[in-house]
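Input: a single structure, listed below in structure tokens.
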Amino acid sequence: MTTLDVQDLVKDFRIRTGLRGRRLRAVDHVSFTLSPGRTVALVGESGSGKSTIARIIARLERPTAGQVVLNDDDGGRVSDRAYRDHVQMVFQDPFSSLNPFHTVEHHLIRPLLLHGQARTGAEAREKAGDLLERVNLPARDIVHRRPHELSGGQRQRVAIARALAPGAKVIVADEPVSMLDVSIRLGVLNLLARLQREENLAVLYITHDLATARHFSDDILVLYRGRVVERGPADEVILAPRHPYTRLLAAASPDPEARGRSFDIDAAAVVAAGEAPAYDHRIQS
Amino acid sequence: MTDPGPDSSAPRRAVLPRSSPKLVTGLALITAIILFGVTGPLFAGDPDAINDIGLTPPGGGHVLGTTQMGQDVLAQIAYATRGSLYIGVLVGVMATVLSALFGIVGSYAGGVVDEAFSLFSNVMLVIPGLPLVIVISAFVPPEQRGAWTIAVVLAITGWAGSARVLRAQTLTLRNREYVLAARVAGEPAWRIITVEILPNLLPLLASQFVFSVIAAILSEAGLSFLGLGASNSSTLGTMLYYAQNGFALQRGAWWWFAPPGLIIALFGCGLALINFSIDEITNPKLRAVPRRIRRPRREPAPVGRPSQDVVVSVRNLSVTYGNTVRAVKDVSLEVRRGEILGLAGESGSGKTTLAYAINRLHRPPAEVTAGSVTFHHRDGGDTDMLALPSGELRAFRWSQMSVVFQGAMNSLNPVMTIRAQLEDVLTTHRPQLSRSDRRARCARALELVGVDPARLRSYPHELSGGMRQRVMIAMAMLLDPQVMIMDEPTSALDVVVQRGILREILRLRDELGFGIVLITHDLPLLLEVSDRIAVMLGGEIVECAAAEEILARPRHPYTRRLLESFPSLTGERGAFVRTGEATGGAR
């Protein structure tokens with residue numbers, strides 16, 4: 001059972017304004033656990049700190065305080081050296097997450113070789129083909145293409161295959177479909193869901209879209225300015241939101257059934273809502 | 001999400017420059033000069049052989065005449081060209097390596113290393129190059145001043161500018177997601193720099209290399225001309241130096257100094273032409289687009305007013321990109337006063353192209369090939385948009401029909417206050433207004449979109465994204481247009497902010513009664529706010545009906561597919577959810 005524990009994470013950024021420095025708290029004491037077969041959704045607006053959390057988990061940033069602990073099957077802590085064998089990330093923009101200079105094959109062979117999933121080039125090429133088949137891409141047709149010869153959906157599938165290549169058990173998906181055309185978004189999300197079932201993956205799904213968060217995750221954490229304001233099982237958080245900020249987000253989502261409803265939301269209401277104490281459905285209900 | 005051209009036809013990302021007259025001319029010049037420099041000395045006689053026929057004009061035994069000492073000018077030029085090329089390439093290689101080291105490695109490493117490297121390059125940059133070269137050259141005794149010494153001196157003084165350019169480019173590349181992905185994959189830093197970043201810098205490096213070769217050949221010529229060049233080698237510069245000392249100009253011996261000068265000029269010209277072509281790889285916008293201002297092939301057929309409340313009629317409009325890609329095919333639609341017409345579609349569906357074409361904002365190679373766009377004025381007149389002369393079109397665009405572009409909030413001028421930018425529109429279109437009237441209208445426009453008029457004094461960076469977008473909408477409404485076209489006006493914004501802006505748009509529509517074309521991929525949003533919805537697919541409108549109708553009884557399969565793509569927030573869990581890939585296949 002590979003589980004990832006995010007413990008009391010804090011991240012401060014220093015902002016230079018003229019000569020003086022100012023501190024911005026991007027992540028404010030956030031804790032949660034990712035366990036196999038389960039998806040946790042981090043929901044929030046831009047600037048809520050959700051991408052910063054993803055980058056800390058992917059070790060692209062160091063936390064100011066708190067830690068991310070990865071435990072392997074026996075419950076022992078995974079060493080830093082092996083961390084990236086287990087934790088991988090799918091980025092938001094499939095148009096920039098693949099190197100325009102390299103072929104699809106390069107993007108898959110490198111992680112396979114780096115993480116000991118393949119010893120020789122030939123073995124890596126074969127496994128790269130298998131990975132492409134698993135994300136529903138015609139391997140033979142696509143493996144020598146460069147990113148610009150693929151559609152957005154195909155690129156994101158390659159990016160997912162790349163994240164799986166090291167044999168990762170924890171996948172951080174940072175807005176994996178928000179840059180894709182709407183008609184292919186569900187396809188990619190369903191692909192992730194299928195791979196999760198097959199591999200018993202732990203998934204962190206980061207999004208600003210409440211609807212897909214509800215349908216594609218088990219638990220939802222709502223973030224506002226780096227703080228978790230509400231957390232709980234997906235349906236409870238969305239269908240019976242208890243925190244005013246979550247209610248605000250839900251009310252602001254477009255709703256075809258609610259034509260002609262009033263639109264009154266102002267900035268002051270958002271700030272006031274964000275200040276309310278956090279709500280945890282599992283503890284407080 | 002709405003790039004106008006279809007993705008599949010995107011040009012192959014070039015590593016080599018595209019063939020163009022510039023490139024061919026440049027390559028021809030350079031190849032000729034290099035061939036001459038490399039093979040010339042093999043055929044030419046001894047350049048130093050002294051003869052007693054000093055200063056013979058060209059002709060006879062000496063094709064390019066002789067020098068004062070009776071040396072053959074052609075032979076001298078052959079050797080001098082080789083010498084100059086040698087120094088140019090040496091300096092080019094050394095300067096490029098140095099600039100790559102300090103520019104790329106420093107900025108990738110970041111932190112203290114970057115600060116130190118960057119400081120060092122900046123210091124090297126402000127040291128005036130040529131004077132330093134003169135001092136260093138003068139300091140090294142002439143007998144030790146070989147081609148290598150000169151090359152090293154020129155390289156040391158010439159790399160810093162390139163390093164800064166490379167640093168800036170690397171700073172953007174190192175935050176690209178593919179570099180982050182390589183870090184997450186566990187690639188070592190040296191491999192990320194050489195395999196992931198460097199290839200994407202190749203065009204830039206090539207251009208910097210070419211540039212430093214030109215600079216080196218010119219500087220060396222300058223140094224040699226001053227007598228500070230390499231002592232034991234002959235270059236074009238040393239040739240000019242001897243010509244000067246031999247009073248070639250005064251004696252009218254043009255064949256002595258003109259050929260070396262010409263070769264320097266042609267070589268610089270050739271490299272510059274090649275550099276233009278390389279620049280076009282890094283910046284495709286520099287590519288010359290064939291600008292054919294061609295009248296659309298169509299009958300001048302402004303459409304009569306279908307009914308009193310229609311403000312724009314589009315009839316059978318087709319737009320093509322360069323005669324091959326038909327981005328908009330035979331589209332007809334009407335916009336009515338006081339209505340919101342939603343235009344839904346995905347990338348490549350042609351919705352943005354259509355919006356641009358209605359306003360004639362499309363640029364070559366896009367071209368309207370058929371159809372008409374007619375604007376019906378409130379007072380009864382009709383205007384054929386596609387026949388409007390460009391001067392009238394400009395006046396028409398903002399005052400009758402305005403556009404809010406996708407990501408418009410980033411198109412405010414960062415160095416002008418909001419007031420200056422709003423007033424600019426008024427001084428252009430309503431020159432008769434007094435200063436106080438202008439100010440009052442600007443303040444009123446901001447109030448309309450729910451921004452405090454005190455913000456008129458602000459600069460764009462002092463406003464949030466939502467406020468900037470509101471300012472853009474205020475600007476679009478400033479002249480009280482009858483139609484507003486909005487291309488993804490809120491897509492880049494958070495839902496809460498989006499709500500606020502939509503509320504203002506709806507309120508203004510009710511107050512002022514203009515027609516709105518709202519273009520977005522967000523179908524649920526359109527279903528909630530618009531009156532009618534047109535669904536675009538592959539350049540065609542596949543369905544156009546009232547919003548309620550689209551929601552309740554979508555006719556076209558694509559409309560149904562789009563509707564199914566948005567899971568309901570609060571409704572039943574659909575069958576598609578986490579069950580596998582039932583909807584949307586690989587595309």
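Every chain is numbered from 1 and lettered A, B, ... according to where its sequence line falls, protein lines coming before strand lines.
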Evaluate the criterion side chain to side chain contact (heavy atoms under 4.5 Å, CB included) for residue pair Glu346(B) and Val182(A); output intermediate values, then yes/no. CA-CA 7 Å; Glu346(B) 298 185 282; Val182(A) 288; 3.5 Å; yes

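In this structure, Arg532(B) places its CZ atom where more than 12 heavy-atom neighbours from other residues, nucleotides or ligands lie under 6.0 Å away.
Contact annotation for Arg507(B): neither backbone nor side-chain heavy atoms come within less than 4.5 Å of a heavy atom of chain A. Using a 4.5 Å cut-off between heavy atoms, Leu525(B) contacts chain A through both its backbone and its side chain. Only the side chain of Leu114(A) comes within contact range of chain B, with at least one heavy atom under 4.5 Å from a heavy atom of that chain. Residue Glu187(B) touches chain A through both its backbone and its side chain, counting heavy-atom pairs closer than 4.5 Å.
Only one option out of Arg176(B), Glu196(B), Glu177(B) pairs with Asn99(A) in a side chain to side chain donor-acceptor pair (under 3.5 Å); it is Glu196(B).
Contact count versus chain B (heavy atoms, under 4.5 Å) is highest, among Ala211(A), Ser96(A), Ala250(A), for Ser96(A). Contact count against chain A (heavy-atom pairs under 4.5 Å) is highest for Val184(B) among Val495(B), Val184(B), Leu527(B). Annotation: maximal heavy-atom pairing with chain B below 4.5 Å, among His102(A), Met89(A), Arg59(A), occurs at His102(A). The greatest number of non-hydrogen atom pairs below 4.5 Å with chain B, out of His107(A), His208(A), His106(A), is found for His106(A).
Legend: residues meeting salt bridge (charged side-chain N to carboxylate O under 4.0 Å, His left out) with Glu45(A), ordered by chain and number and at least two apart, are absent. A search for side chain to side chain contact (heavy atoms under 4.5 Å, CB included) contacts involving Leu180(B) returns Arg55(A), Leu60(A), Phe91(A), Arg183(B), not counting sequence neighbours.
Heavy-atom minimum distance, Asn200(B) versus Phe101(A): OD1-CB, 3.8 Å. The shortest heavy-atom contact between Pro567(B) and His215(A) is CB-CD2, 3.2 Å. Nearest heavy-atom pair, Pro524(B) versus Pro254(A), reported as atom, atom and distance to 0.1 Å: C-CB, 3.8 Å. Residues His115(A) and Ala185(B) approach most closely at NE2-O, 2.6 Å, considering heavy atoms. Considering all non-hydrogen atoms of both residues, Leu239(A) and Leu569(B) come closest at CD2-O, 4.3 Å.
Between Leu180(A) atom CG and Ser565(B) atom OG the span is 11.5 Å, to the nearest 0.5 Å. Atom OG of Ser568(B) and atom CZ of Arg214(A) lie 6.5 Å apart (nearest 0.5 Å). Rounded to the nearest 0.5 Å, atoms CG (Leu563(B)) and OG (Ser183(A)) are 12.0 Å apart.
Arg110(A) has its side chain out of reach of Val195(B): every pair of non-hydrogen atoms, C-beta onward, lies at least 4.5 Å apart.
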